[in-house]
Amino acid sequence: MSTTPGGDANEPQPANPDGSDRMTRRQLLRHTAWFGAAVALAVTGGEVISHVAGSTGKSPAIATGPVLRFAQISDSHLGFHGGANGDVTATFQQAIEQVNALGYRPDFVMHTGDLTHLATPAQFDQVKQMMTALDTDHVFTVPGEHDSIDDAGQKYRAAFGAGSRGEGWYSLDIAGVHVIALVNTLNLRFLGHLGTDQIDFVRKDVAALSSDTPIVVFSHIPLFAMYPTWGWGTDDATQALSYLRRFSSVTCLNGHVHQLFTKTEGNVTFHSGTTTAYPLPHPGDGPAPKPVTLPAGRLHAALGIREVSYRKGQHALAIRDRALT
Amino acid sequence: MSCFLPRSLVTRALSALAAAAALTTLAACGSSRARPVAPAAAAPPAASPPSASPSMPSMTPPPSAAAGPAGAPVSSNAVMIQNFAFAAPTVIVKVGTTVTWTNGDEDPHTVTAIGGPFHSPTLTNGARFTYTFTTVGTFTYMCTIHPYMHGSVVVVAR
Ligand SMILES: [Cu+2]
């Protein structure tokens, strides 16, 4: 339901015969504004990415290939043991291999939290080790509440917080898109929570941006009220999102709910992603969001990965969710 | 943003009753896209969707309010964690009592005092946590993994 038409968005685009649209990754990054980049991004020298085409004055924007393509994975819950998935390591490994087999190299891969099930050092080591196999230059993360169970996220930040601000949030610019990664799994009372420091970060972070800058916001818990009874919402998201109202395109991508769900409110589109571990019930289906054990052979269809692409001049980002094969 | 939470919830200064009422009201939001309703004007419980568990203990008002059967405070020094809820959301104990929480769920939970003195480690299936209450008062707690799970211990004088 959240798949956006335009399947060719994900196919590699041939470079122009004369090579004029060809950009190396180094050039791509050089041509990108990095205002506010809080994460050190290494540039792989000399590698030609022929399918990344810059916009040219001649071609209409729609005719150019995507300038940004990334993948989202979520809720791998390494360390989970239960009937809903007998081997979460195997399904996470399959998700990684599926990202690597997309047919192009994503500009980055974002894991939207619940990397681990119990936030133990061994589970953090394992998930970090496994994600080094992702064929991309940048692996980004935000924490889930399972990653910050008992220490307000200290172990998470020790493993994944390098270069982040505050309690783990950050932003960066890539290919003209402004990416904001938020932490809404700390200091919880009923729902997800951002806190005044982080909301202030968002305000300052976007203050200098032009309103036609596409904005992508990552968080673990939904920033919209998907089902507050089960904690599927963020109590102070409205204030953070108020600073994004003036932007023409805002895409919020989250995990936590282990199922696909899309909702548009004004200029903001929310996309809940699925999990690589186990499904949860639909909102209100049963007394609690307990892991759902599916009949044999049906688990993979409930798990998956997400591809996102952006073309210059396009209003909305193209989202494509793929079930685990 | 027709479906976001009332600003008042942000203040976190609400009583447990008001917060529970607000959440009950908001539960209807996903299906009805109703405009936010301030807790003071919260709709009656009938407004909650039928699919939501009507007796979910964490949604039940504290003892000072007209508590339904599921939320009635009980004199007990044992609290089971079952179906993502503290099965006795409010227990009354005498000062000096040791209370034991036991996780009966397959999923992990914590018992974490809100701004208070105790904080369990992550409780996996079957794990227990104990705490001895040495002062009179009401201690509210929650699960940090499932923050909508709340409970309280009312400690009275001997
Ligand atoms: Cu819990």
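Lettering follows sequence order; numbering is per chain, from 1.
For the residue pair H282(A)/Q259(A), the side-chain donor-acceptor check at 3.5 Å is satisfied. No donor-acceptor contact under 3.5 angstrom links the side chains of N184(A) and H193(A), judged on distance only.
Per-residue counts of heavy-atom pairs under 4.5 Å with chain B were compared for S242(A), G231(A), A119(A); the largest is that of G231(A). Taking N125(B), T122(B), D105(B) one by one and counting their heavy-atom pairs under 4.5 Å with chain A, the maximum is reached by T122(B).
A distance of 12.0 Å separates OG1 in T89(A) from CZ in F80(A), rounded to the nearest 0.5 Å. Considering OG1 of T110(B) and CD1 of I81(B), their distance stands at 8.0 Å, rounded to 0.5 Å. Expressed to the nearest 0.5 Å, how far CG of L191(A) lies from CH2 of W230(A) amounts to 14.5 Å. Atom CZ of F129(B) is separated from atom OH of Y141(B) by 10.5 Å, given to the nearest 0.5 angstrom.
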Item to check | F190(A)/Y148(B) under ring pair (Phe, Tyr, Trp, His ring centres under 6.0 Å): CA gap, chis, key distance, verdict | outcome: CA-CA 4 Å; F190(A) 287 91; Y148(B) 52 90; 9.1 Å; no
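Neither the backbone nor the side chain of T112(B) comes within contact range of chain A; no heavy atom of the residue lies under 4.5 Å from a heavy atom of that chain.
Residue-level contacts of residues 148-159 of chain A with chain B, in order of numbering, are I149(A), D150(A); threshold 4.5 Å between heavy atoms.
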